[in-house]
Amino acid sequence: MEIIFASNNDHKIREIRSIIDSSIKLLSLHDMNIREDIPEEEPNLEGNALAKARYVHRITGMNVFADDTGLEVDALGGLPGVKSARFAGESKDFSANIDKLLLMLGSNKNRKAQFRTVIALIWENEEYLFEGIVEGQIINERRGIEGFGYDPVFIPDGKTRTFAEMPLKEKNEVSHRARAFEKLRTFLLQIKLNGNKP
Ligand code: IMP
């Protein structure tokens, strides 16, 4: 079974390859020679994930999925949310994004936040959405060098280390993306069992 993951983020592709069944061949945008930056202009994660999946489906006609993730911070009314990548500007600078987040939170005692991933799948011209959430806390200073994005300042509930202090395997046990992809994986396995029918 072949499916395109509409992403060029090597971190994510590595994460997903380590989660998804090895009988499913995951193709990246790079593998498909799709070089353009797909627009992410929708007002929510669902809209962006669907827009990316539809864009690649239009070009290739193949089964495809796309994801969009946001960090939703309670005390900031859900920001940065859908703006997570470009929170501090178009350069998508992870470090500048964290600086802005910590500045806006200041000494606020409410550090509650969640990562939320939405996956849009187009399978045989039908659209499906899957969601994964991990709740946690934003800490005041960076800790750890693993991962990417806001990982150095996010401690998932039930853990004492940030995502950036964890090996990928441990992050995958609880992460938003892993939870959403587990739902996608279960769906794809079911499709395989049903002879490629949902
Ligand atoms: P994307 O939609 O997956 O590209 O995510 C948008 C932005 O959210 C990224 O640029 C990161 O800043 C942040 N983000 C997404 N996933 C993670 C994660 O697993 N850890 C930390 N930050 C993340």
Side-chain angles (χ1 to χ4, degrees), residues 5-19 26 28-30 34 36-56 64-73 76 78-102 104-105 111 113-121 129-139 142-157 159 161-182 184:
F5 180 16
S7 173
N8 266 329
N9 178 328
D10 288 338
H11 285 283
K12 282 204 258 176
I13 292 164
R14 220 173 310 133
E15 279 188 18
I16 301 322
R17 284 220 169 99
S18 74
I19 292 166
L26 197 65
S28 66
L29 290 182
H30 185 80
I34 299 174
E36 52 265 51
D37 225 357
I38 304 175
E40 297 186 37
E41 291 158 350
E42 300 301 320
N44 52 44
L45 301 174
E46 286 78 3
N48 272 342
L50 273 169
K52 285 188 275 186
R54 285 173 186 160
Y55 184 96
V56 175
V64 54
F65 62 88
D67 72 327
D68 202 31
T69 295
L71 175 69
E72 299 173 334
V73 179
L76 303 181
L79 283 175
V82 74
K83 300 187 179 77
S84 292
R86 294 174 171 81
F87 195 37
E90 281 305 310
S91 61
K92 300 193 198 174
D93 185 310
F94 291 152
S95 189
N97 286 341
I98 291 180
D99 286 342
K100 181 170 177 183
L101 174 69
L102 295 184
M104 282 179 76
L105 266 179
R111 314 297 291 191
Q114 65 178 23
F115 277 113
R116 190 164 73 92
T117 292
V118 173
I119 298 172
L121 167 71
L129 289 174
F130 306 90
E131 181 187 67
I133 290 175
V134 59
E135 294 181 298
Q137 301 283 324
I138 302 295
I139 56 170
R142 292 162 166 83
R143 277 173 25 195
I145 55 166
E146 303 294 328
F148 67 103
Y150 299 89
D151 280 348
V153 292
F154 182 84
I155 300 183
D157 287 349
K159 301 277 184 183
R161 299 191 292 177
T162 68
F163 269 162
E165 292 178 298
M166 295 178 188
L168 181 53
K169 187 168 176 295
E170 190 180 347
K171 179 180 174 184
N172 274 347
E173 280 163 18
V174 295
S175 92
H176 45 302
R177 198 159 23 257
R179 287 175 174 162
F181 274 92
E182 182 54 32
L184 174 70

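Positions are given from 1 along the sequence. Counting convention: from 1, in listed order, for ligands and their atoms alike.
- Remark: ligand 1 atoms within the under-4.0 Å shell around heavy atoms of Lys171 are 18 (C), 19 (O), 20 (N).
- The atoms of ligand 1 that sit less than 4.0 Å from any heavy atom of His176 are 16 (N), 17 (C), 18 (C), 19 (O).
- Among protein heavy atoms, atom 14 (N) of ligand 1 sits closest to Phe148 CE1, 3.9 Å.
- The protein heavy-atom contact nearest to atom 22 (N) of ligand 1 is Tyr150 N, 3.1 Å.
- Of all atoms in ligand 1, numbered sequentially from 1 with element shown, those under 4.0 Å from a heavy atom of Asp151 are 18 (C), 19 (O), 20 (N), 21 (C).
- Per-residue contacts place Asp68 under 4.0 angstrom from the following atoms of ligand 1 (heavy atoms of the residue considered): 2 (O).
- Distance from atom 11 (C) of ligand 1 to its nearest protein heavy atom, with residue and atom name: Gly149 CA, 4.0 Å.
- Residues Tyr150 and Phe87 place their aromatic rings such that the two centres sit no closer than 6.0 Å.
- The shortest non-hydrogen separation linking Ile133 to Gln114 is CG2-OE1, 3.4 Å.
- For the atom pair Phe163 CZ and Ser175 OG, the distance stands at 5.5 Å (nearest 0.5 Å).
- Of the polar atoms of Asn97, none of the N or O atoms is found under 3.5 Å from an N or O of ligand 1, judged by distance alone.
- At a threshold of 4.0 Å, the pair Arg116-Glu46 counts as salt-bridged, since one of the basic side-chain nitrogens sits closer than that to a carboxylate oxygen.
- Side-chain contact between Leu50 and Asp68: absent, with no pair of heavy atoms (C-beta onward) separated by less than 4.5 Å.
- Nearest protein neighbour of atom 16 (N) of ligand 1, counting heavy atoms only, is Arg177 NH1, 3.1 Å.
- Residues Glu131 and Ala180 share a closest heavy-atom pair of C-CB, 3.8 Å.
- Nearest to atom 5 (O) of ligand 1 among the protein's heavy atoms is Thr69 O, 3.4 Å.
- Remark: minimum distance from atom 1 (P) of ligand 1 to any protein heavy atom is reached at Lys12 NZ, 3.5 Å.
- Remark: minimum distance from atom 8 (O) of ligand 1 to any protein heavy atom is reached at Ser84 CB, 3.4 Å.
- The shortest distance between side-chain heavy atoms of Lys92 and Asn97 does not fall below 4.5 Å.
- Annotation: side chain of Val134 is in contact with side chain of Arg179 (closest heavy-atom distance under 4.5 Å).
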